[in-house]
Each structure stands twice: as structure tokens, then as C-alpha cells.
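Worksheet: one structure, shown below.
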There are 2 protein chains.
Amino acid sequence: MGVDDRSATRERIVAAAAGLLAEGGREAVSTRGVSNAAHVQPPAIYRIFGDMQGLLDAVVSYGFQAYLDKKINRPHAADPVDDLREGWDAHVGFGVANPEFYKLMYGQPVSGTESEAAKKAAEILIGLVERVAKAGRLAVGVERAAQMIHSAGCGVTLTLIGTPPESRDPELSERTREAILAAVITEGPRASGAGRPSAVHAVALKAVLSEAEDTLSPGERHLLTEWLDRISHSW
Amino acid sequence: MGVDDRSATRERIVAAAAGLLAEGGREAVSTRGVSNAAHVQPPAIYRIFGDMQGLLDAVVSYGFQAYLDKKINRPHAADPVDDLREGWDAHVGFGVANPEFYKLMYGQPVSGTESEAAKKAAEILIGLVERVAKAGRLAVGVERAAQMIHSAGCGVTLTLIGTPPESRDPELSERTREAILAAVITEGPRASGAGRPSAVHAVALKAVLSEAEDTLSPGERHLLTEWLDRISHSW
DNA sequence: CGAGGCTGGTATCGTTGATACATGGGTGTG
DNA sequence: CACACCCATGTATCAACGATACCAGCCTCG
């Protein structure tokens with residue numbers, strides 16, 4: 001009962017804070033404002049969330065949840081690159097639709113600190129990129145490709161948020177997305193138009209290396225990984 | 001005397017606030033902190049800057065000034081695309097070196113609002129892109145290209161700021177930069193590997209259209225501009 | 001049935017952004 | 001030369017903020 005009550009209170013506080021954030025931005029989320037909106041006492045916030053930052057983290061996760069669920073439960077498309085495209089579009093779409101949440105998540109990076117929601121999103125992106133790598137169509141390392149995609153997508157989203165809707169370039173997101181994908185993805189395993197074949201295969205091999213658990217010892221795999229990284233990074 | 005005094009006081013306040021910002025982040029810039037550091041009274045801040053946001057804007061401009069000066073006074077390279085590269089690197093370099101200033105400038109976009117410093121930076125970028133367009137090497141419209149470059153550069157910078165220095169991908173910036181440039185720039189006026197030739201020429205023509213002031217009437221130029229946009233956007 | 005700890009509410013602390021009010025020095029006029 | 005006016009500066013203070021100490025009630029367990 002106590003636990004249930006607590007989690008219900010927590011839910012009510014987060015929902016109230018999320019409402020204030022969406023409506024009035026970061027500065028509207030104050031201890032007084034939240035306690036009034038959620039019909040709780042100011043100290044309750046600190047008991048449940050530790051401090052203001054804890055509440056904000058929870059709010060971001062809350063607002064991001066629906067988006068994450070959609071991303072996670074989406075069935076894989078035939079082409080893993082299309083999955084990546086859909087992931088990009090979903091990301092940008094969420095940011096534009098929920099600018100205050102987005103600015104809170106990605107607008108104030110603190111070196112080495114990442115909100116739980118951002119971590120989950122990053123993991124999903126890594127997963128999508130890994131599927132492309134396993135198909136042998138990634139021209140650079142998984143981590144690097146994911147960071148390039150995330151950086152560009154994040155920048156596009158913030159730019160769109162900062163532009164009045166009527167002034168937005170409707171193709172900015174798509175163009176930038178394709179620019180990054182073109183640099184990161186090759187036509188096919190054999191088509192070596194972009195990316196050296198050795199790099200492509202090294203990346204692909206690394207992505208599926210975990211399947212070789214019973215073939216190589218941990219030490220061997222570690223060394224092999226280093227070599228593959230060196231090959232793929234050489235391009 | 002009074003004016004001089006005032007501007008000197010203003011300078012001292014901004015410098016003190018900039019020091020606090022660089023050292024302790026946004027939250028370190030409080031009216032008390034600034035007045036103590038600058039040896040002025042709290043109300044002086046409001047008399048000079050209107051409110052806290054006014055002070056922060058001034059601080060951002062102040063911190064951005066050295067960077068802007070460098071960018072403006074740099075001699076043009078032989079290849080306008082290289083100018084663009086240098087501009088990108090300077091932008092990212094500034095952000096990584098001054099993360100708190102950068103987050104204040106680009107991390108909290110408000111639709112339709114842009115700080116003076118950001119406006120100046122955007123103008124410089126437009127200028128650089130226009131030079132590329134005049135050389136007939138731009139595959140998309142000037143505004144779109146500038147927005148793509150700015151978005152990606154902004155995202156990369158924020159990503160780097162959020163990553164501990166030892167974990168940063170040293171090539172993230174360069175790779176992303178080249179990915180965007182490859183999508184936006186063609187090899188040469190005739191090399192149509194990327195971008196339809198018609199689009200390339202339409203963009204180049206639009207960039208130099210102001211030179212045709214005495215050849216076309218304002219109305220004619222307006223209509224022609226619309227057509228050129230349609231052609232270049234069609235790709 | 002009583003003691004102990006946990007939950008929740010009240011009151012309050014120090015600090016923040018912002019402002020009203022008084023004070024003092026410089027200017028212009030008689 | 002003296003007086004009055006005016007503007008810039010300094011003092012004191014306000015409401016709201018994040019955060020916390022403290023007390024009262026409840027449930028649990030002995």
C-alpha cells in the first residue's frame with residue numbers, strides 16, 4: 001500500500017511537472033509550482049527525487065517514454081538503413097513536438113553526464129547502426145557512425161526548434177540525414193563506391209564478432225577487435 | 001565623463017560575469033556574484049542591462065567577440081571551400097574551448113529569438129557559403145546549405161562538449177564536416193557527380209544575381225529568383 | 001498493549017532576481 | 001557665489017526560489 005501510494009504520488013508529481021515544463025519551459029518547473037499542481041508538499045519532491053535535478057531527469061524520462069516505446073517496439077524493416085531513417089525522423093519529430101523536453105535533454109550537455117532517457121536513446125541508435133553494420137553496409141565504425149548521426153540529428157532538431165515554424169526549411173532534416181547516411185553507409189557489401197572494402201568488411205566483421213564466442217578466446221577477440229578498429233579507422 | 005564611466009562599469013560587469021560563467025557555468029552568474037566580482041551594486045546591473053537575460057546576452061557577445069574577430073579578419077583562402085572548412089573548425093574549436101558560452105548561445109534556442117552574437121555568426125556563415133555559390137560549386141541553395149552546415153556543426157560541438165575529453169572521437173568533427181560538405185558541394189562547375197547541373201548553375205546564378213541590378217527590374221529579378229529556387233530545390 | 005521507526009506536513013533558512021526609496025554630487029540658473 | 005534641480009549611485013527590501021530541520025501521526029513489530 002505504502003509503496004503503491006508512493007509510486008502514485010511520484011507519477012502525479014512527474015505528470016504535473018511535465019505539464020508545467022511543456023507549457024512554460026524550464027523556469028515554470030519550480031518546487032512551489034509543482035507542489036501546487038500535484039497537490040503535494042514541497043518536501044515530498046525532495047523525498048522522492050532527491051533534488052530538483054532528479055525531478056527534471058524523471059520528467060524528461062517521462063516525456064521521452066512514449067517516443068522510446070514506439071522506437072523499441074517498431075518492427076524491423078526489410079532494409080536496416082530504412083530503420084535508421086525512421087529512427088532519425090522519430091527523433092527529430094519528437095524534438096520539434098516537445099521542444100522544452102528536448103532542450104532539457106540535449107541542450108545542456110555536461111561532460112560525462114547523461115540522463116537515463118538519453119542513454120536509452122543512444123543505446124537504441126547503437127542497435128540500429130549495428131544492424132546496418134551486420135549487413136555489411138557500414139563504412140565507418142559503429143560508435144563513430146552513431147555519434148555522427150546523433151550529432152547531426154541533434155543539431156538539426158535544435159535548429160528547427162529555434163526557427164519559427166513558418167520559416168523552417170521543410171527539407172533540412174531529410175537533406176542532412178541523407179548527407180550523413182551517404183557518408184556512413186555503402187551501397188552494398190560489394191559496392192565499394194564509398195569506403196574502402198577492407199574497412200567495410202572490418203566493420204561488418206566486428207559487428208558480428210560476438211557470435212564467435214566459442215571460436216576465439218576473450219584475449220584473441222580483444223586483439224582482433226583492435227586490429228579491426230585500426231583497419232576501419234584508417235579510412 | 002559620465003558616459004565613459006558608464007561604459008567602463010559596463011565592461012567591468014560583463015568581464016566579471018564572463019569569468020563567473022566560464023568557471024562555474026550558468027548558475028554561477030547571479031546578481032550577487034556579479035556585483036561582488038565587479039564591485040558594483042546589484043541595481044547597477046538592471047540599470048545597464050535591463051534584466052538578467054540582457055546581461056547574459058552581453059556576456060555571450062563578449063565571449064564570442066574574439067572568435068568573431070578572428071573569423072572576420074581572416075584572409076580569404078584560394079579555395080572558398082577551405083574557408084568553409086576553417087570556419088567550421090573555428091566554430092567547433094570555440095565551442096569546445098568555451099562550453100559554457102556555447103551552451104548559452106546554442107543550447108537553449110527560443111523560436112524566433114537569436115542572440116546578437118549568433119546572428120553575426122550566422123551572417124558570416126552565409127557569406128562563406130555565398131562565396132562557394134559564386135564559384136559555382138554549391139549543389140543546394142545558400143540558405144539551406146548554411147543551415148545544414150550550422151546544424152551539423154552545432155550538434156557536433158554539443159556532442160563533444162557532453163563527452164569527457166578522453167572519450168571524444170578525435171575525428172568526429174572532421175568526418176561530419178566532410179559528410180555535409182560532400183552533400184552540399186560539387187567538385188567543380190562542370191563536374192556533375194553530385195547535384196544536377198541545372199541545380200548547380202541555378203544556385204550559382206542566384207548568388208551573383210545582385211550584380212544584374214541594372215539589367216533586370218526588381219520585379220523581374222524577384223520572379224527569376226523564384227524560378228531559380230524552384231530549380232535548385234528540385235534536386 | 002506499548003515502543004520504535006517511517007511517512008507526511010509545517011515552518012523556516014539562505015539565496016535569488018528584481019525594485020522602491022533615500023542620498024549625494026554635478027549642473028545650470030539667478 | 002549660492003541655491004535649486006536632476007540624475008546616478010547606494011541602501012534596504014520584496015516575493016519567490018531551492019532546500020531542509022523539525023514535529024506529529026501511523027504502522028509495524030516485539
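Reminder, nothing fancy here: chain letters follow the sequence lines and each chain counts from 1.
Sorted by first then second residue, the ring pair (Phe, Tyr, Trp, His ring centres under 6.0 Å) pairs that include residues 140-183 of chain A, not counting sequence neighbours, are A:Y106-A:H150. Identified under the ring pair (Phe, Tyr, Trp, His ring centres under 6.0 Å) test for residues 15-34 of chain A, with sequence neighbours left out: none. Pairs of residues two or more places apart, or lying in two chains, never qualify as ring pair (Phe, Tyr, Trp, His ring centres under 6.0 Å) while including a residue from residues 157-177 of chain A. Sequence neighbours left out, not one pair with a member in residues 153-164 of chain A passes salt bridge (Lys or Arg N to Asp or Glu O under 4.0 Å).
For B:I45 and D:dT9, the CD1 to C1' distance is 14 Å, given to the nearest whole Å. If you measure from atom CZ of A:R47 to atom P of D:dC23, you get 15 Å, rounded to the nearest angstrom. For A:L55 and D:dG18, the CG to P distance is 10 Å, given to the nearest whole Å. Look at CZ on A:R26: it is 11 Å from P on D:dC17, rounded to the nearest Å. Note: CD1 (A:I48) to P (D:dG18) measures 16 Å, nearest angstrom.
The side chain of B:P43 lies closest to D:dA12 when the candidates are D:dA12, C:dG17, D:dA19. Taking the side chain of B:Q41 as heavy atoms from C-beta on, and the options D:dG18, D:dG10, C:dA18, the nearest nucleotide is D:dG10. You'll find that the side chain of B:Y46 is closest to C:dA18, out of D:dG10, C:dA18, C:dG9.
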Under 3.5 Å, which donor-acceptor pairs link side chains of residues 50-58 of chain A to any protein atom two or more places apart or in another chain?
from  : atom 1 : to    : atom 2 : distance (Å)
A:D51 : OD1    : A:Q53 : N      : 3.1
A:D51 : OD1    : A:G54 : N      : 3.0
A:Q53 : NE2    : A:D57 : OD1    : 3.1

Please set out all donor-acceptor pairs under 3.5 angstrom arising from side-chain atoms of residues 108-124 of chain B, sequence neighbours excluded.
from   : atom 1 : to     : atom 2 : distance (Å)
B:S115 : OG     : B:A118 : N      : 3.2

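Only A:V29, A:S30, A:T31, A:R32, listed by number, bring a heavy atom of residues 29-37 of chain A to less than 4.0 angstrom from any atom of DNA chain D.
Annotation: side chain to side chain donor-acceptor pair (under 3.5 Å) contacts of B:S173 (sequence neighbours excluded): B:W88.
Remark: aromatic rings of A:Y102 and A:H91 are close, center separation under 6.0 Å.
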Pull out every protein N or O sitting under 3.5 Å from an N or O of nucleotides 23-25 of chain C, one pair per line with the distance.
none

